[in-house]
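First up is the structure itself, then whatever we jot down about it.
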Amino acid sequence: MPSMIITGAAHGLGKCIAEHAAQAGYKVGVLDLVLEQAQKVAEDIGGVALAADVNDPSSVEEAFAKFDETPDVLINNAGILRTGLLMEHSLEDFRRVIDINLSSVFIVAQIAARRMKEARRGCIINMSSVNGINPSTNCGAYATAKAGVLALTRQMSMEWGEFNIRVNSIAPGFIDAGMQAPFFENPQVRELRSNAVPLKRLGSAADVAECALFLASDKAAYISGENITVDGGVIHSVLMQLPRS
Ligand SMILES: NC(=O)c1ccc[n+]([C@@H]2O[C@H](COP(=O)([O-])OP(=O)(O)OC[C@H]3O[C@@H](n4cnc5c(N)ncnc54)[C@H](O)[C@@H]3O)[C@@H](O)[C@H]2O)c1
């Protein structure tokens, strides 16, 4: 049975990836901050609940030990958003977003990769964002952290390829789930954003989960150091937003 640890899997995109992975036959490690929240998801899908703070290496080590096997796949999905314009943003919020979205990817991936190196196989998928490619305003350090995830993914793929570890990232766009769901409750925002997407709809958590499962599978056996945007094409649409005359 293939196995997968997903961070931030008690809610939103991580929870959906956990459900899809369990359906696809993976033993799933549902890793999140609070054990009870991880347990709820783990019970539903027949997975293993793992409590850890992705920013705390010792708690992550304990979670991997509890999982009791080297996972075939790690999905670094945990993340937070602290909104704010840079002019007023606090250093504390800036650092927190870098810690949880970027430094955590280094912390958890390093712990996984040391085990995967021994096993001579592994796959790591890091969650970035379209914000890491095209920054928007009012998102503090988020775009910077997610751009860092893209760079770190490429560097990991360079250093760890020789151990048969593939490393890729996913950059979701306007997804109607998780941290962005409350934002899309406003009908005007929903309509404006949906219309800006070439596919004329918001994305779903399942759209992201299916991409993660593809990258995790042998169908992606020769893909490493790559980023896939799951955004209905919005990243390419900037010229479409401007009138021709
Ligand atoms: N929802 C979107 O539209 C969207 C778009 C682009 C990128 N993303 C990225 O996808 C990932 C998942 O986002 P989401 O929307 O599902 O968010 P979410 O807030 O619904 O879920 C994030 C999960 O991460 C967990 N988490 C937070 N800090 C943690 C920590 N220190 N240790 C362990 N777990 C922690 C939370 O408890 C939560 O369960 C994030 O990296 C986010 O930046 C989301």
Side-chain angles (χ1 to χ4, degrees), residues 5-20 29-42 49-64 74-83 93 95-109 111 125-136 139-150 152-153 169-185 189-190 193-194 197 201-209 211-212 227-232 234-235:
I5 290 181
I6 307 162
T7 71
H11 194 256
L13 306 189
K15 177 170 178 255
C16 186
I17 297 168
E19 290 163 352
H20 280 237
V30 178
L31 188 152
D32 214 293
L33 262 182
V34 180
L35 184 61
E36 294 79 63
Q37 287 165 3
Q39 261 165 349
K40 262 192 228 156
V41 177
L50 305 168
D53 178 346
V54 290
N55 197 38
D56 170 10
S58 60
S59 78
V60 176
E61 285 281 10
E62 276 174 36
F64 272 70
L74 164 68
I75 305 199
N76 276 313
N77 164 79
I80 58 166
L81 173 66
R82 296 270 188 278
T83 55
D93 275 353
R95 283 189 171 141
R96 184 81 187 139
V97 167
I98 298 289
D99 279 348
I100 305 303
N101 292 277
L102 177 58
S103 308
S104 75
V105 172
F106 165 68
I107 291 170
V108 185
I111 287 168
I125 299 167
N126 299 322
M127 206 58 82
S128 180
S129 163
V130 288
N131 264 168
I133 302 165
N134 281 349
S136 56
C139 67
Y142 186 77
T144 305
K146 293 302 189 183
V149 170
L150 297 175
L152 189 54
T153 298
S169 58
I170 298 176
F174 304 155
I175 309 298
D176 189 16
M179 61 170 67
Q180 281 204 82
F183 179 62
F184 292 125
E185 278 168 17
V189 172
R190 199 179 177 84
R193 292 271 168 141
S194 301
V197 178
R201 70 168 176 90
L202 301 176
S204 67
D207 289 323
V208 178
C211 179
N227 176 66
I228 300 184
T229 53
V230 180
D231 71 341
V234 76
I235 203 81

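When a ligand or atom number is given, it counts from 1 through the structure's own listing order. All figures in this text were calculated on a predicted structure; none of them were measured in a lab.
Within the listing of ligand 1, atoms 10 (O), 11 (C), 12 (C), 40 (C), 41 (O) sit less than 4.0 angstrom from a heavy atom of N77. For ligand 1, the atoms lying closer than 4.0 Å to a non-hydrogen atom of S129 are 6 (C), 7 (C). Here is the list of ligand 1 atoms found below 4.0 Å of a heavy atom in Y142: 6 (C), 7 (C), 8 (N), 9 (C), 42 (C), 43 (O). Of all atoms in ligand 1, listed by their number and element, those nearer than 4.0 Å to a heavy atom of G12 are 16 (O), 20 (O).
Contact of the I175 side chain with the L202 side chain is not registered, since no non-hydrogen atoms from C-beta on lie closer than 4.5 Å. Using a 4.5 Å cut-off on side-chain heavy atoms (C-beta onward), P172 and D231 make no contact. Looking at heavy atoms from C-beta onward, E61 lies out of side-chain contact with D56 at the 4.5 angstrom threshold. Contact check for N134 versus I235: side-chain heavy atoms found under the 4.5 Å cut-off. Within the 4.5 Å cutoff, no side-chain heavy atoms of S104 are placed close to those of D99. Side-chain atoms of R190 and F183, non-hydrogen and from C-beta on, never get closer than 4.5 Å to each other. A 4.5 Å side-chain heavy-atom check between I6 and K15 finds every atom pair outside the cut-off. Contact annotation: the side chain of V54 approaches that of L31 to within less than 4.5 Å [non-hydrogen atoms, C-beta and beyond].
The closest heavy-atom contact to atom 33 (C) of ligand 1, among the options G173, A52, P172, G8, comes from A52. Considering Q37, M127, K15, R96 only, the shortest heavy-atom separation from atom 9 (C) of ligand 1 involves M127. Remark: among candidates D32, N55, V54, the nearest residue to atom 32 (N) of ligand 1 is V54, based on non-hydrogen atoms. The option with the heavy atom closest to atom 35 (C) of ligand 1, from among A38, G178, A78, is A78.
For atom 29 (C) of ligand 1, the nearest non-hydrogen atom of the protein is L33 CG, 3.7 Å. From the protein, the heavy atom lying nearest to atom 2 (C) of ligand 1 is Q180 NE2, 3.4 Å. In this structure, atom 1 (N) of ligand 1 lies nearest to the protein heavy atom A177 O, 3.0 Å. Closest to atom 19 (O) of ligand 1, if we only count protein heavy atoms, is M179 CB, 3.9 Å. In this structure, atom 18 (P) of ligand 1 lies nearest to the protein heavy atom H11 ND1, 3.6 Å. Atom 22 (C) of ligand 1 has as its closest protein heavy atom G79 O, 3.9 Å.
Using modelled atom types and a 3.5 Å distance limit, the side chains of S136 and N131 yield a donor-acceptor pair. A side-chain N or O of S169 and one of N227 form a donor-acceptor pair less than 3.5 Å apart.
Residue-level proximity to ligand 1 for F174 is absent, since no heavy atom of it falls below 4.0 angstrom. Neither the backbone nor the side chain of A205 has a heavy atom within less than 4.0 Å of ligand 1. Only side-chain heavy atoms of I100 come within less than 4.0 Å of ligand 1; its backbone N, CA, C and O stay farther off.
Proximity of D53 to ligand 1 is established by a heavy-atom distance of less than 4.0 Å. Using a 4.0 Å cutoff on heavy atoms, S128 counts as a contact of ligand 1.
Scanning both residues, L35 and A49, for their nearest heavy atoms gives CD1-CB, 4.1 Å.
Considering backbone and side-chain atoms alike, I175 places an N or O below 3.5 Å from some N or O of ligand 1. Below 3.5 Å of separation, one finds an N or O of K146 facing an N or O of ligand 1. Ligand 1 has an N or O atom lying under 3.5 Å from an N or O atom of L13, backbone or side chain.
Atom CG of residue D32 and atom CD of residue Q39 lie 12.0 Å apart, to the nearest 0.5 angstrom.
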Margin query: Let's go through D207 and R201 carefully: what are the C-alpha distance in whole Å and the side-chain angles of both, what is the deciding distance for salt bridge (Lys or Arg N to Asp or Glu O under 4.0 Å) to 0.1 Å, and is it a yes or a no?
Written below: CA-CA 12 Å; D207 289 323; R201 70 168 176 90; 2.9 Å; yes

